[in-house]
Amino acid sequence: MAAMGKRGPKKGTPQAGADHLGTAMAAWGGDLPDWVRALAAAAQSRTANAVAYEIRYDPMVVHRVLRRTYDGSYDRVEAAVRAKVIQAVDCPVLGRIDDRRCQRIRTDPKPPTSSHLAIQAWRACKTCLYGIAHQQGGRDRAVP
């Protein structure tokens, strides 16, 4: 059951009856692209509105893409989903951030001096499982 506030579910709480992945699979069939599947999964785990805000599109665009009825450019929506949903990282300090920002923080050899939050994020990278996996895999390179 969704967490209830004064007037309905708490903001950002997924709705019980929303089956975004099922909607996408029914609409796209065997042609379901990986990015639409990722969009549907993100909308399923959070809310379609939260995902729309994250990719900087109107929530109706998310619903229409999942239903395959969007009249706009699917390429642009795909680029936004790939940049903000697929390559996003859940940082223990900063929350959901872009993979490139995460990489910049974890590859910086010196601790930041700009803010207390930046220092916390830099320190957290030393024990973050995502950062450790990337460092052990040898995939980290300095990002300009």
Side-chain angles (χ1 to χ4, degrees), residues 1-25 27-28 32-144:
M1 182 97 181
M4 297 295 283
K6 289 184 179 179
R7 292 185 162 192
K10 201 177 217 182
K11 188 175 182 178
T13 305
Q15 298 298 313
D19 182 17
H20 298 294
L21 192 54
T23 299
M25 290 174 75
W28 288 83
L32 183 65
D34 64 329
W35 66 272
V36 175
R37 182 181 296 276
L39 179 65
Q44 191 76 33
S45 67
R46 298 188 300 259
T47 65
N49 286 355
V51 175
Y53 179 79
E54 185 177 344
I55 65 172
R56 297 183 180 191
Y57 272 88
D58 189 85
M60 191 52 67
V61 171
V62 172
H63 290 288
R64 288 183 179 162
V65 166
L66 295 179
R67 290 184 182 99
R68 204 176 185 177
T69 59
Y70 182 55
D71 294 330
S73 170
Y74 281 91
D75 292 338
R76 288 185 180 185
V77 178
E78 177 183 3
V81 170
R82 289 196 184 280
K84 299 291 183 181
V85 175
I86 294 176
Q87 295 181 1
V89 176
D90 288 319
C91 175
V93 175
L94 301 174
R96 196 156 179 86
I97 61 172
D98 185 81
D99 183 53
R100 291 180 57 83
R101 182 175 178 195
C102 174
Q103 186 178 12
R104 273 190 219 107
I105 294 169
R106 73 175 176 264
T107 58
D108 192 355
K110 296 180 183 177
T113 58
S114 58
S115 74
H116 182 66
L117 191 62
I119 293 168
Q120 282 182 321
W122 186 82
R123 286 182 180 154
C125 282
K126 306 306 176 207
T127 58
C128 173
L129 296 177
Y130 183 82
I132 291 170
H134 273 267
Q135 289 170 350
Q136 289 174 348
R139 294 182 286 184
D140 272 343
R141 291 187 183 87
V143 176

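The structure displayed is predicted, hence computed values, not measured ones.
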From R46 CZ over to E54 CD, what is the distance, rounded to the nearest 0.5 angstrom?
4.5 Å
Let me confirm one number: the CZ-SG distance from R104 to C125, rounded to the nearest 0.5 Å.
12.5 Å
Test item: V77 and D75 side chains (from C-beta on) under 4.5 Å apart, heavy atoms:
no
Closest heavy-atom pair and its distance - R64, Y74:
O-OH, 4.3 Å
What's the spacing between D19 CG and L21 CG if we round to 0.5 Å?
6.5 Å
Specify whether H20 and H63 have parallel, tilted or perpendicular ring planes, treating 30° as the upper limit for parallel and 60° as the lower limit for perpendicular.
tilted
Would you check, one step at a time, whether the test salt bridge (charged side-chain N to carboxylate O under 4.0 Å, His left out) holds for R82 with D34?
CA-CA 10 Å; R82 289 196 184 280; D34 64 329; 2.7 Å; yes
Contact summary for C102 and V89, nearest pair of heavy atoms
SG-CG1, 4.2 Å
Please determine whether the number of non-hydrogen atoms from other residues, nucleotides or ligands lying under 6.0 Å from atom CZ of R123 exceeds 12.
no
So, for W28 and Y70, is the gap between ring centers shorter than 6.0 Å?
no
Is the closest side-chain heavy-atom distance between I119 and P111 below 4.5 Å?
no
Can you tell me how far NZ of K84 sits from OH of Y57, rounded to the nearest 0.5 angstrom?
12.5 Å
Could you state the interatomic distance from OG1 (T69) to CE (M60), rounded to the nearest 0.5 Å?
9.0 Å
Evaluate the side-chain proximity of K110 to W122: yes if any heavy-atom separation is below 4.5 Å, no if none is.
no
Which pair of non-hydrogen atoms, one from L32 and one from R37, has the smallest distance, and what is that distance?
CD2-NH2, 3.5 Å
A124 and V93: which non-hydrogen atoms are nearest, and at how many Å?
CB-CG2, 3.6 Å
Closest heavy-atom pair and its distance - A24, A40
CB-CB, 4.1 Å
Roughly how far apart are Q120 CD and S115 OG, rounded to 0.5 Å?
8.5 Å
Would you indicate whether the side-chain heavy atoms of V62 and N49 approach each other to under 4.5 Å?
no
Atom of V85, atom of A38 and distance for their closest heavy-atom approach
CG1-O, 4.0 Å
